There are 2 protein chains.
Amino acid sequence: MPTPTSDAIEPLKVACASCNLRELCLPVGLNASELSKLDDLVTKRRSVSRGDHLFRNGERFESLYAVRTGFFKTCVNSEDGRDQVTGFQMAGELLGLDGISSDHHHCDAVALEDSSVCVIQYAQLEELSREFTVLQHSFHKIMSREIVRDHGVMLLLGNMRAEERLAAFLLNLTQRLQARGFSASSLVLRMTREEIGSYLGLKLETVSRTFSKFQEDGLMEVKQRQLRILDQAGLQALVNNSRC
Amino acid sequence: MPTPTSDAIEPLKVACASCNLRELCLPVGLNASELSKLDDLVTKRRSVSRGDHLFRNGERFESLYAVRTGFFKTCVNSEDGRDQVTGFQMAGELLGLDGISSDHHHCDAVALEDSSVCVIQYAQLEELSREFTVLQHSFHKIMSREIVRDHGVMLLLGNMRAEERLAAFLLNLTQRLQARGFSASSLVLRMTREEIGSYLGLKLETVSRTFSKFQEDGLMEVKQRQLRILDQAGLQALVNNSRC
DNA sequence: CGACCACTTGACGCTCATCAACTAGAGTGG
DNA sequence: CCACTCTAGTTGATGAGCGTCAAGTGGTCG
């Protein structure tokens, strides 16, 4: 149950121009004057406590959200109660793109730790991107990148075996963390085995077993959610060599 | 092997305004004057023979393609030679959205029957969509719809069993055919069992077996690629009731 | 300290992949 | 027109991989 207090809207001015995520987020490539225009659009910040929803499937779509701090998962659910995690989002990544299609969200977005997001009014974003070619183009690129990413997940779900899936997942995660200035080898998972399993099309027991196997094989150290990659090349080899 | 002659560029004028796909394709919601502007943009048509590529992974991205007639598949391939069909496209559907992310295509698009497409210069589309709000919005909706569709496939690949996957696939296919004025019950597959399997994360033998089982169960008639749906509700029930 | 939840590990069985043999239909050439 | 070939599809036998069920461990929080 989400507590209403956790979704407090902060009226604080958030300056994209001074945000350290501006090279990862929507503002990529904008010049100073364009950035200041973008700031007029991103006027609200919102805090979401761990476990709470940023938005839910079926809710009216009005805004995109850029993760400022924290960590999210998105998941779709079928009528008969099946649940599929479609992605994990960290700082600088955009949430809510699915909502554009029908003015309603098609998935749930849940904070996996206490998080804060920048609220981007979608109507205003469309307006501003008619004015600034660069913004328009980079928004399109972000949507397209999401499509490419999803196709990669389809490849993973359709073709790979459990070990390959988990290895690919870990490499993707560490790569994104590294792009944000974190260590490429040491990380703390924000999600449960079950959530990883849901994303990868596996059961939590299989995820757990595969972690144990990676540890036995000297590829990594696993202490609950504390991970240390010992052999990145080894993980990469697992992903690439389907038959070995 | 693609024959060079099959990719002939036809300089024919293609009028979106008079195209019978305008309610399914990019022009949705545009008025007469906007439609005529769009026509200035969509100046080329291209024919692609069965088996030939419309574009390939790695090629420079310059245009989107709207399927005018025919049928396509798109597939991604990993470094180690794995192949995953990411979608099947029919009349009115857009191809190439993945290319926007990096100015290069990230998948192959192959015609499954002799086909023709409208060539949409992407740079011009961006330009025009800065001018026409409606076009901008409907383009965004198309991209978002692609994301939503991909999430649906992820749910299918991550959670469903073979019968459920095939049933969901068939229902999706007939629904799209019906939207184009074809029968909801009788159809001819344009793709092989292997291509269906690749899309659904199954092997061709499993697809074949599952078709046979559906036939035994009286859900449909299967004669090679000629299908007839006998019990649509039965297929729907398969998709919805994961435990029966 | 006790309760709870995430996680681990083992035993077993189902689903689907794999391998293989066979059939049907389409295209080819004598 | 018939044999020949090629590809797509069907069907059977077998087993690997992962799901399921169950018991147990460890860390966390009230």
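The structure displayed is predicted, hence computed values, not measured ones. So you know, we letter chains A, B, ... as the sequences are listed, proteins then strands, and number each from 1. Below, all heavy atoms of this structure are taken into account, side chains as well, without hydrogens, waters or symmetry copies.
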Quiz item: Looking only at side-chain N and O atoms, does A/T192 come under 4.0 Å of OP1 or OP2 in C/dC5?
Solution: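 For A/T192, the contact criterion (side-chain N or O under 4.0 Å from OP1 or OP2 of C/dC5) is not met.
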
Quiz prompt | Close approaches to DNA chain D from residues 218-225 of chain A, in residue order (heavy atom, under 4.0 Å) | solution =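 By residue number: none to list.
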
Exercise. Sugar-phosphate means primed atoms, P, OP1 and OP2; the rest is base. With that split, encode nucleotides 12-18 of chain D 5' to 3' as B, S or - using protein heavy atoms under 4.0 Å.
Key: BB----S

Tell me the interatomic distance from [X], atom [atom1], to [N], atom [atom2], rounded to whole angstroms.
X	N	atom1	atom2	value
B/E194	D/dT10	CD	C1'	15 Å
B/L200	C/dC16	CG	P	12 Å
A/L204	D/dA23	CG	P	17 Å
A/R193	D/dG26	CZ	P	15 Å
A/R50	D/dT28	CZ	C1'	11 Å
B/I196	D/dG9	CD1	C1'	11 Å
B/F211	D/dA8	CZ	P	16 Å
B/L227	D/dG9	CG	P	11 Å

Quiz item: Can you list every pair that meets salt bridge (Lys or Arg N to Asp or Glu O under 4.0 Å) and has a residue in residues 192-211 of chain B, with sequence neighbours left out?
Solution: B/K73-B/E195

Practice problem: Determine the minimum heavy-atom distance between A/D108 and A/N57, stating which atoms define it. | Solution: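 Looking at all heavy atoms of both residues, the shortest contact is OD1-N, 2.7 Å.
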
Quiz item: Closest heavy-atom contact between A/R46 and A/H53?
Solution: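 Minimum heavy-atom contact is NH2-O, 3.7 Å.
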
Quiz item: Less than 4.0 Å between a side-chain N and a carboxylate O, is that true for A/E113 and A/R190?
Solution: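 Yes.
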
Quiz prompt | Electrostatic pair B/E164:A/R82 at N-O distance under 4.0 angstrom | solution =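 Yes, B/E164 and A/R82 are salt-bridged.
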
Quiz item: How would you list all residue pairs meeting ring pair (Phe, Tyr, Trp, His ring centres under 6.0 Å) that involve residues 172-206 of chain A, not counting sequence neighbours?
Solution: A/F88-A/Y199, A/F169-A/Y199

Self-check item: Residue list, salt bridge (Lys or Arg N to Asp or Glu O under 4.0 Å) with A/E163, at least two apart or on another chain
Solution: A/K213

Quiz item: Taking atom CG of A/N159 and atom OG of B/S78, what is their separation to the nearest 0.5 Å?
Solution: 7.0 Å

List the atom pairs, with distances to 0.1 Å, where a side-chain N or O of residues 227-238 of chain B and a protein N or O form a donor-acceptor pair under 3.5 Å, not counting sequence neighbours.
{"unit_1": "B/D231", "atom_1": "OD1", "unit_2": "B/A233", "atom_2": "N", "d": "3.4"}
{"unit_1": "B/D231", "atom_1": "OD1", "unit_2": "B/G234", "atom_2": "N", "d": "2.8"}

